[in-house]
Peer 1: 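Structure incoming, see below.
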Amino acid sequence: KVVMRKVELPSYQEMKDFRGSKTPHRHFAGDSGVRLVPTVMVFDSSGKLLAKPVVGLGTIDFYGDTLDQAIDKGIAKVRGQKVANQASGN
């Protein structure tokens, strides 16, 4: 199961972090190292980063594939499967 959350970098709206504590979106993003948008990060349920963050749009033709690769890598790690080393170095 994949859960996706949109975190607004400048927002003070509260969300629950991985410890179950309330934190503003901007603090969660900052604590996660987000400096540019869009940034897509794949975490496990405890907050461990599972794939290299996808930062910026890069080449729009490859953006969807890049996101799919990051999500697939995260799912494979959660399931305990070996992750193939992809050409992008992820």
Side-chain angles (χ1 to χ4, degrees):
K1 176 177 167 180
V2 175
V3 177
M4 300 183 97
R5 300 277 187 236
K6 181 178 181 180
V7 177
E8 296 286 340
L9 189 60
S11 176
Y12 283 101
Q13 180 178 347
E14 288 190 332
M15 59 178 283
K16 284 190 179 179
D17 64 16
F18 290 104
R19 295 181 311 268
S21 301
K22 289 183 179 180
T23 186
H25 282 222
R26 67 182 300 126
H27 291 172
F28 179 83
D31 291 347
S32 298
V34 175
R35 301 291 177 257
L36 299 171
V37 295
T39 297
V40 177
M41 304 174 88
V42 179
F43 298 97
D44 67 10
S45 62
S46 65
K48 179 182 174 189
L49 189 62
L50 297 176
K52 182 179 175 182
V54 179
V55 180
L57 290 176
T59 305
I60 197 69
D61 294 337
F62 299 109
Y63 189 70
D65 187 51
T66 302
L67 289 178
D68 285 344
Q69 289 176 16
I71 292 167
D72 290 346
K73 184 174 183 178
I75 289 170
K77 282 186 176 182
V78 166
R79 292 180 177 163
Q81 300 169 349
K82 282 192 170 184
V83 178
N85 191 13
Q86 297 166 346
S88 63
N90 292 341

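Numbers here are sequence positions counted from 1.
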Peer 1: At their closest point, which heavy atom of A51 faces which heavy atom of A70, and how far apart are they?
Peer 2: CB-O, 3.7 Å
Peer 1: Testing the 3.5 Å rule here: is there a donor-acceptor pair between the side chains of S46 and D44?
Peer 2: yes
Peer 1: Got E14 and T23 here, is their nearest side-chain heavy-atom distance under 4.5 Å?
Peer 2: no
Peer 1: Determine the minimum heavy-atom distance between V42 and G74, stating which atoms define it.
Peer 2: CG1-CA, 3.8 Å
Peer 1: Write down the atom of M4, the atom of I71, and the distance for their closest heavy-atom approach.
Peer 2: CE-CD1, 4.3 Å
Peer 1: Under 4.5 Å between side-chain heavy atoms, hopping through other hydrophobics if needed: is there a path connecting V40 to L50?
Peer 2: no
Peer 1: Counting only N and O atoms by type, is there a donor-acceptor contact under 3.5 Å from the side chain of S32 to the main-chain atoms of F28?
Peer 2: yes
Peer 1: Around atom CZ of F18, are there more than 12 heavy atoms of other residues, nucleotides or ligands at under 6.0 Å?
Peer 2: yes
Peer 1: Taking all atoms of both residues into account, what is the closest heavy-atom pair of Y63 and L57, and its distance?
Peer 2: CD1-O, 3.5 Å
Peer 1: Could you label the plane-to-plane angle of the H27 and Y12 rings as parallel, tilted or perpendicular, counting under 30° as parallel and over 60° as perpendicular?
Peer 2: perpendicular
Peer 1: Report yes if some heavy atom in the side chain of K6 is under 4.5 Å from a heavy atom in the side chain of E8; otherwise report no.
Peer 2: yes
Peer 1: How long is the gap from CE on M15 to NE2 on H25, to the nearest 0.5 Å?
Peer 2: 5.5 Å
Peer 1: Do V34 and F43 sit in the same hydrophobic cluster, where Ile, Leu, Val, Met, Phe, Trp and Tyr count as joined when their side-chain heavy atoms come under 4.5 Å apart?
Peer 2: yes
Peer 1: Before you tell me yes or no, could you show the steps for L49 and M41 under side chain to side chain contact (heavy atoms under 4.5 Å, CB included), namely the whole-Å CA-CA distance, both residues' side-chain angles and the distance that decides it to 0.1 Å?
Peer 2: CA-CA 7 Å; L49 189 62; M41 304 174 88; 4.0 Å; yes
